[in-house]
Amino acid sequence: MTTEVNAHAPSIPDTTDGFHLVIDALKLNGLNTIYGLPGIPITDLTRMAQAAGMRVISFRHEQNAGNAAAIAGYLTQKPGVCLTVSAPGFLNGLSALTNATTNCFPMILISGSSEREIVDLQQGDYEEMDQLAIAKPLCKAAFRVLNAEDIGVGVARAIRAAVSGRPGGVYLDLPAKLFAQTMEMAAAKKSLIKVVDPAPRQLPAHDAITRAIDLLKSAKRPLILLGKGAAYARADEAIRALIENTGIPYLPMSMAKGILPDTHAQSAAAARSFVLPEADVVVLIGARLNWLLSHGKGKTWGRTNVNDHKAWGSQKYVQIDISPTEMDSNVAIDAPVVGDIGSCVSALLMSVGSNWTKPAAEWLDAIDARRHKNLAKMAEALAKDPSPMNFHSALNVVRDIIKANPEAMLVNEGANTLDFTRSIVDMYQPRKRLDVGTWGIMGIGMGFAVAAAVETGHNVIAVEGDSAFGFSGMEVETICRYNLPVCVVVMNNNGVYRGTDVNPTGGADVAPTVFVKGARYEMLMEAFGGVGVKASTPAELRAAMNEAIRSRKPTLINAIIDETAGTESGRITSLNPATSKILAAEQLAAK
Ligand code: ADP
Ligand code: TZD
Ligand code: MG
């Protein structure tokens with residue numbers, strides 16, 4: 001029997017290899033962007049991915065690529081993909097993967113690795129490291145694929161692990177040999193998996209809803225607390241309806257700002273230190289009672305000390321979370337509601353109905369009074385125009401720019417720069433504010449900014465402490481290379497927290513928190529063809545930011561801030577272990 005061959009038909013290769021299977025498996029699942037850094041053994045993977053139509057964004061350091069992938073996951077509900085080389089590249093990416101897991105962002109770190117048989121016998125391969133073992137305790141799940149026919153399964157498992165339940169980071173180990181393995185095309189195609197329903201809805205139990213509603217009905221001073229889980233869940237309409245239909249005041253955690261506009265009449269953000277201790281029933285929606293909420297304990301919650309049994313347990317909690325083991329992690333949760341936020345909030349909403357009794361006027365009026373007092377104080381601080389600028393006068397400009405451009409993405413890190421921006425700059429739309437998150441880490445800035453621009457196409461404004469910026473500053477080249485509409489504002493106060501510390505010994509070394517004075521950060525952006533501006537006044541800052549928004553050109557504004565304006569650790573000074581005592585002792589010893 002003969003087979004007729006059409007000489008003009010395009011030749012379809014009858015085999016494929018590991019490289020192409022990885023690319024095909026990602027694309028099949030709608031993962032079309034890779035954030036990474038090339039090198040052995042994945043250089044060709046980056047080339048082939050680009051050739052196959054994927055967006056491959058190459059960074060200058062893997063940690064920034066990893067942070068980009070993590071926040072891409074937060075913004076899209078699909079795992080962000082980071083690709084690195086073995087050992088050191090893997091380790092650089094791993095800190096971002098761990099941070100993603102801590103923040104509940106879905107992400108997949110794919111790293112090439114050395115050959116198993118050499119690694120396991122510790123025979124000293126190029127970049128030898130048992131990466132799978134190291135990654136395992138630091139992320140949600142970790143997998144290795146040894147055979148090309150398992151690539152489809154490996155990618156499918158990684159996707160499901162990253163986005164189902166509580167989202168998190170997944171490590172996928174791909175040894176160099178895998179990429180060159182070949183497979184017959186038809187079998188290869190069949191081996192790939194298009195994941196069906198990767199993040200299944202999880203409906204809350206009926207009695208959990210009844211319990212929560214009963215508790216809420218008994219409340220005299222109820223409060224809703226929105227966390228970044230609520231923002232991630234994209235249940236914006238249901239959350240707004242729950243808040244508006246019940247009339248309950250709400251407080252957004254930093255990345256939940258904008259789920260409802262910060263100017264909403266029910267926002268208690270400007271009365272935070274009043275509502276937390278005073279509320280009697282608190283509804284947590286996608287927010288953990290971790291250090292950011294003082295673990296539900298202490299003064300923040302109106303308890304003067306742990307042994308104060310009268311005050312202890314005076315608040316009651318409803319907690320909506322997809323993770324059942326989050327309940328009771330810090331204090332007793334009276335009404336746990338386990339499920340996805342969309343389903344849980346919708347179920348509550350059904351029970352709330354249309355004739356819910358709004359909270360007593362006494363509670364709402366007391367909050368309003370605080371709110372107005374604090375907002376007036378803030379307005380007064382913002383109206384001042386000191387020279388040099390302080391955080392307030394500079395951030396007053398950012399506040400106006402975001403108000404005029406509510407679709408812009410805001411990235412924010414630093415200490416004072418973070419705390420002041422969070423309280424001064426109102427957000428108007430959900431998932432626009434991206435910051436240091438659960439760990440309060442520095443270094444997310446440029447990675448987040450790149451991914452925010454790539455994933456949304458909107459202007460990105462990155463408000464950075466001068467120290468914070470330094471952790472990822474080299475990525476301004478990446479921003480220029482891809483011509484991204486990113487405007488970096490460096491709040492330059494000559495150092496960590498302040499630029500005023502001195503070396504107590506009088507020695508030549510400056511204090512550990514102090515940087516080069518009068519540093520010209522704007523020149524970094526100019527070095528790669530972007531726009532650099534030094535801004536010493538609010539008017540200069542405003543003009544430069546407006547131009548950056550208009551032109552969408554990569555821009556870095558060096559905003560000169562009074563070096564005495566900040567405070568130690570911003571607002572978390574209390575977490576320092578008895579700073580003043582240690583310093584006094586050291587100064588004494590130095591004399
Ligand atoms: P914040 O720092 O803003 O207070 P956290 O990161 O502490 O927020 O809390 C986020 C919470 O949201 C986590 O406990 C996580 O399990 C939960 N979460 C994330 N996505 C969902 C979802 N789709 N449905 C329900 N809970 C979710
Ligand atoms: N390293 C990492 C990875 N994360 C951290 N949070 C720190 C170090 C410690 N740290 C902070 O918590 S804030 C900060 C550091 C180094 C920088 C603060 O200085 P800044 O901000 O210039 O960014 P301000 O505006 O001067 O306070
Ligand atoms: Mg600083």
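In listed order, ligands and their atoms are each counted from 1.
Using bins of under 30°, 30° to 60° and over 60° for the plane-to-plane angle, the ring pair F420/F391 lands in the parallel bin.
Checking only distances, R166 does come within under 3.5 Å of ligand 1, N or O to N or O. Residue K228 has at least one nitrogen or oxygen atom sitting less than 3.5 Å from a nitrogen or oxygen atom of ligand 1, judged on distance alone.
In terms of protein heavy-atom proximity, atom 24 (N) of ligand 1 is nearest to I341 N, 2.9 Å. Nearest non-hydrogen protein atom to atom 20 (N) of ligand 1 is Y232 CD2, 3.7 Å. Atom 10 (C) of ligand 1 has as its closest protein heavy atom G286 O, 3.1 Å. Nearest to atom 18 (N) of ligand 1 among the protein's heavy atoms is G229 CA, 4.0 Å. The nearest protein atom to atom 23 (N) of ligand 1, hydrogens excluded, is given as A233 CB, 3.7 Å; this is a heavy-atom distance.
Tested against D426, the residues K432, R433, R399 include a single salt bridge (Lys or Arg N to Asp or Glu O under 4.0 Å) partner, R399. A side chain to side chain contact (heavy atoms under 4.5 Å, CB included) with L284 is found for exactly one of L223, L293, D321, namely L293.
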Which N/O atoms of ligand 2 sit under 3.5 Å from a protein N/O, and at what distances?
| from | atom 1 | to | atom 2 | distance (Å) |
| --- | --- | --- | --- | --- |
| ligand 2 | 4 (N) | M442 | N | 3.2 |
| ligand 2 | 6 (N) | G440 | O | 2.9 |
| ligand 2 | 21 (O) | A415 | N | 3.2 |
| ligand 2 | 22 (O) | D466 | N | 3.2 |
| ligand 2 | 22 (O) | D466 | OD1 | 2.6 |
| ligand 2 | 22 (O) | S467 | N | 3.0 |
| ligand 2 | 22 (O) | G495 | O | 3.0 |
| ligand 2 | 23 (O) | A468 | N | 2.9 |
| ligand 2 | 25 (O) | T417 | N | 3.0 |
| ligand 2 | 25 (O) | T417 | OG1 | 2.6 |
| ligand 2 | 26 (O) | N493 | OD1 | 3.1 |
| ligand 2 | 26 (O) | N493 | ND2 | 2.9 |
| ligand 2 | 26 (O) | G495 | O | 3.1 |
| ligand 2 | 26 (O) | Y497 | N | 3.1 |
| ligand 2 | 27 (O) | N416 | N | 2.8 |
| ligand 2 | 27 (O) | N416 | ND2 | 2.8 |

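Aromatic rings from Y232 and F105 are positioned such that their centres are separated by 6.0 Å or more.
Within the sub-2.8 Å shell of the Mg ion (ligand 3), the protein contributes these N/O/S atoms: D466 OD1, N493 OD1, G495 O.
If you look at L293 next to ligand 1, there are no close heavy atoms at all, none under 4.0 Å. With a heavy-atom cut-off of 4.0 Å, A287 touches ligand 1 through backbone and side chain alike. At a heavy-atom cutoff of 4.0 Å, ligand 1 is contacted by no atom of I320, backbone or side chain. Within the 4.0 Å heavy-atom criterion, both parts of R288, backbone and side chain, lie near ligand 1.
Looking at S393 and N390, their side chains do bring a donor and an acceptor atom within 3.5 Å of each other.
With L225, L226, I322 as candidates, the residue nearest to atom 26 (N) of ligand 1 on a non-hydrogen basis is I322. Nearest-residue assignment for atom 17 (C) of ligand 1 (options L284, T325, D321; heavy-atom criterion): D321.
Judged by distance alone, with hydrogens and angles left aside, the side-chain atoms of E540 form a donor-acceptor pair with the main-chain N or O of S536 at under 3.5 Å.
L276 has its side chain within reach of L251: a pair of non-hydrogen atoms, C-beta onward, lies under 4.5 Å apart.
For ligand 1 and M253, the ligand atoms under 4.0 Å from any heavy atom of the residue are 3 (O), 4 (O).
Salt bridge D236/R234: absent, no basic N to carboxylate O contact under 4.0 Å. Salt-bridge check for E522 with R520: passed, with a basic side-chain N closer than 4.0 Å to an acidic carboxylate O.
With a 6.0 Å radius and a threshold of 12 heavy atoms from other residues, nucleotides or ligands, K517 has its NZ atom above the threshold.
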